[in-house]
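The block underneath contains the structure these notes are about, expressed in C-alpha cells.
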Amino acid sequence: MVNAMHTTLSLRTLSTPSSSLSLSSNLPSPSAFSLRPFPRRHRPLLFIVSASLDAKPTVLVAEKLGEEGLKLLKDFANVDCSYNLTPEELCNKISVCDALIVRSGTKVSRDVFESSSGRLKVVGRAGVGIDNVDLAAATEFGCLVVNAPTANTVAAAEHGIALMAAMARNVSQADASVKAGKWQRNKYVGVSLVGKKLAVMGFGKVGTEVARRAKGLGMHVIAHDPYAPADRARAIGVELVGFEEALSTADFISLHMPLTPATSKVLNDETFAKMKKGVRIVNVARGGVIDEDALVRALDAGIVAQAALDVFTEEPPSKDSKLIMHEQVTATPHLGASTMEAQEGVAIEIAEAVVGALRGELAATAVNAPMVPAEILTELKPFVGLAEKLGRLAVQLVSGGNGVKTVKVTYASSRAPDDLDTRLLRAMITKGLIEPISSVFVNLVNADFIAKQRGLRITEERVILDGSPENPLEYIQVQIDNVESRFASAISDSGEIKVEGRVKDGVPHLTKVGSFEVDVSLEGSIILCRQVDQPGMIGKVGSVLGQENVNVSFMSVGRIAPRKQAVMAIGVDEQPRKESLKKIGDIPAVEEFVFLKL
C-alpha cells in the first residue's frame, strides 16, 4: 500500500536556470581518476557550530543570567558577559561569537546576523517570548533560535494571579495611601474574585497555569486560543470560546498571547468598546498587545475599571506616561519571571539548550525549526545520519544534465502516516544533497529555505508495510529525476538515480543502488564497482586496496543472476589515491566504478 504525500515540501518556486542546483561545475568529472577531496568538511548531525575542533566556542551573554547557568556555559565554552550593549556594540562583538544569549531587553535584528558573517549559529532567549529576535533573518542565516519555555511558567502565572488580586483589592493604591499618612478605608473598597468570570486570552503554558490557580480561587474560567486543544481545556474545567464572547462576557481578562503581527494592539478602541463595562485587565504577556493610548481612554470612560500591567510597549515607559500615572493602574517593572527559583531555572534551561546545540545535539526547544518532540528526536536519531548520507551519495552520483531539480524521498514504515514525523529526515536529506556541491551550511533551521532558494523540489511518499510499528522506519529511498549519472548502474529500471538504505543495529547501511541489492555500512567512504560476476573479483579488488594500505571496513556484492552483472560496494576508511583507483579500473572484469566520499 502506497500513501503518496506530496504536499509537505513542494518547492518549485524558484526555477530559473540561475537558481537551479547545477552540478556541472561543482562535482568532479565523470572520470573516476580525477576525483579530488571535497572542499567542505562533513558536519555530523544538525548543528556543529564551533569554530574548530581544537578551540572552544565563544558565547556572548548580553543580559544577566543566573550563576548556575553561567557555570554550565563556562564548563563548555568561552563566555563573554557584556551587558547593556548598544546595537552598534552588539554588531561589533558578534562576529567572533558562536552563540548569543539574551533576555527580553536586547534586540537581535537582521543587522546582528549580517554582522556575524555566518559564525553565529545559536541564539538563546532566556525566557519564553522571542519577539525581540528576527526569526526570519535567523532562519535565512541558518542560525538556530532556542528559548526556555518551561522554567518561568509558574513564576509568570503566579505574578498574574498576584496582580489580579492586588488590583481587585486596591493593594498598591492603599499601600501608597498609608505610607503617605492617610487612612482611607472607604476609598479602597475592592471586589471579590470568587464567582467572577475570567477570560484567559492565550491558553499556552502560562495561560493554563493561570487558569488552574483562578479555578482554585473560585473563578469561572473561559479561554480563547485558536490553537489550543479543547480536551486539554476541558481537563481542567475551562471552556474554550470565541474572541468576541471572551471579550464581551468576562469580568476579568488576563492576557497570555505572544506578540505577533496578528496580536499587535489586539486590545484597542474597537475591542474595548465590546467589553463588559467595569472589566478589569491583567497583562503579564507582551506590552504591544495593548494599544496603551486606547487603554487610557477606556479607563477614563469607565469601560475598563482597572488594569494591572507588568509589560509595556516601551520598557521602561516614559516617566510622564499617562498610563503609568493613572490612578486605576497597578504597574510592575516586568517581574513575571523574577523569582529566585525561576531565574536560576531559566538560566539552567537556556544554558543546557545552547550547549546542546553547540555540541551538535538535536534541540527540542528550537523556535525557528520544526518543533520535534524529544521522544521523536530520540527515536529518529539513528535515521538522521542515514538520511544525510543517502542525500550525499545520491548527489555525488550525478554527472550532468540540467542540475538537480526534482528529488523524491520514500519512507517505508509499518506506522500510520500521522504517526511518522519526517520533517527532520527531510531536512537532513536536503543537507546531504546541497552541502557537497556548494559552500552553503544546511541545517534543520534553514533546510526548506535553502531548497526553495535553489529551486530544488522535494516530494515525499510513504510506503505502508504490514508488520509491527515498533520501529519507525524500515528503509529510506532517495531518487533524483532527469539527470545523468557518473555510475550507470545507479540508474533504476525507471530511469532515475536511486539509492536506498536501512539502519541495522543502530548503524546506517546502504542496501540498494539502482536495481542492485547491496549491504555496506555507511562509514568512511564507498567505492562502487560494476563487474562481470566471476570468481576472484572480491580478492582482486581487495588485493589492490591492501597493497595501497587502504583499509576495507565492509564489502558486499549484489548481482542480477550468477555469472551476469554484479555491483560490488566497498566501504573504505581512507580515500584511495588516484593510482589505486586506476588499478581497480584496469581489472578486466570491472566495467565501471566510482568513489563516493561520505
Would you say that [X] contacts [Y] through its side chain, given a criterion of any heavy-atom pair below 4.5 Å between the two side chains?
X	Y	value
Asp225	Val200	no
Ile94	Cys97	yes
Val122	Asp98	no
Arg125	Val146	no
Arg392	Glu435	yes
Arg426	Arg423	yes
Leu259	Ser264	yes
Asp481	Val407	no

If every non-hydrogen atom of [X] is compared with every non-hydrogen atom of [Y], which pair is closest and at what distance?
X	Y	value
Val354	Ala99	CG1-CB, 3.8 Å
Leu425	Ile476	CD1-CD1, 4.4 Å
Asp269	Ala294	OD1-CB, 3.4 Å
Ile236	Ala211	CD1-CB, 4.2 Å
Pro57	Ala77	O-CB, 3.2 Å
Leu295	Ala307	CD2-CB, 4.2 Å

Intermediate values then yes/no, side-chain hydrogen bond (donor to acceptor under 3.5 Å, both in side chains), Glu461 and Tyr411: CA-CA 6 Å; Glu461 182 177 277; Tyr411 308 101; over 6 Å; no
Verdict with reasoning, Lys322 to Asp293, per side-chain contact (heavy atoms from CB on, under 4.5 Å): CA-CA 8 Å; Lys322 291 182 179 178; Asp293 292 336; over 6 Å; no
To the nearest 0.5 Å, tell me how far [X] [atom1] sits from [Y] [atom2].
X	Y	atom1	atom2	value
Ser254	Asn283	OG	CG	8.0 Å
Lys452	Thr430	NZ	OG1	14.0 Å
Leu433	Lys431	CG	NZ	12.0 Å
Leu100	Asp80	CG	CG	10.5 Å
Leu380	Asp421	CG	CG	7.0 Å
Arg286	Ser104	CZ	OG	6.0 Å

Test side-chain contact (heavy atoms from CB on, under 4.5 Å) applied to Leu267 and Leu255, step by step: CA-CA 10 Å; Leu267 295 194; Leu255 302 177; 3.7 Å; yes
Heavy atoms from other residues, nucleotides or ligands near CG of Asp231 exceed 12 (cutoff 6.0 Å):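 Buried by this count: over 12 neighbours within 6.0 Å.
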For [X] and [Y], indicate whether the former's side chain and the latter's backbone hold a donor-acceptor pair under 3.5 Å.
X	Y	result
Asn268	Glu292	no
Asn132	Lys107	no
Glu63	Thr106	yes
Arg415	Leu473	no
Asp448	Ala451	no
Asp134	Ala137	yes
Thr263	Val266	no
Ser321	Ser318	no
Glu89	Thr86	yes

Partners meeting side chain to side chain contact (heavy atoms under 4.5 Å, CB included) with Ser338 (sequence neighbours left out):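 For Ser338, the residues satisfying side chain to side chain contact (heavy atoms under 4.5 Å, CB included) (neighbours in sequence not counted) are Leu335, Gln343.
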[X] side chain to [Y] side chain, donor-acceptor N/O pair below 3.5 angstrom:
X	Y	value
Thr410	Gln479	no
Thr208	Arg232	yes
Asp310	Thr332	yes
Glu209	Thr153	no

Enumerate donor-acceptor pairs with a distance under 3.5 Å from any side-chain N or O in residues 238-246 to protein atoms, sequence neighbours excluded.
{"unit_1": "Glu244", "atom_1": "OE1", "unit_2": "Lys274", "atom_2": "NZ", "d": "3.4"}
{"unit_1": "Glu244", "atom_1": "OE2", "unit_2": "Lys274", "atom_2": "NZ", "d": "3.0"}

side-chain contact (heavy atoms from CB on, under 4.5 Å) assessment of Thr406 paired with Ile480: CA-CA 6 Å; Thr406 305; Ile480 303 179; over 6 Å; no
Sole candidate of Leu60, Leu70, Leu73, Val79 that passes side-chain contact (heavy atoms from CB on, under 4.5 Å) when paired with Ile101: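 Between Ile101 and the candidates, side-chain contact (heavy atoms from CB on, under 4.5 Å) is satisfied uniquely by Leu73.
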Chi angles and distances behind the side-chain contact (heavy atoms from CB on, under 4.5 Å) call for Ile429, Leu390: CA-CA 7 Å; Ile429 289 168; Leu390 287 176; 5.7 Å; no
Pairs where residues 330-352 contributes a residue and the test salt bridge (Lys or Arg N to Asp or Glu O under 4.0 Å) is met, not counting sequence neighbours: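 Matches after skipping sequence neighbours: none remain.
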Ion pair check, Lys71 and Asp75, cut-off under 4.0 Å: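 Asp75 and Lys71: salt-bridged.
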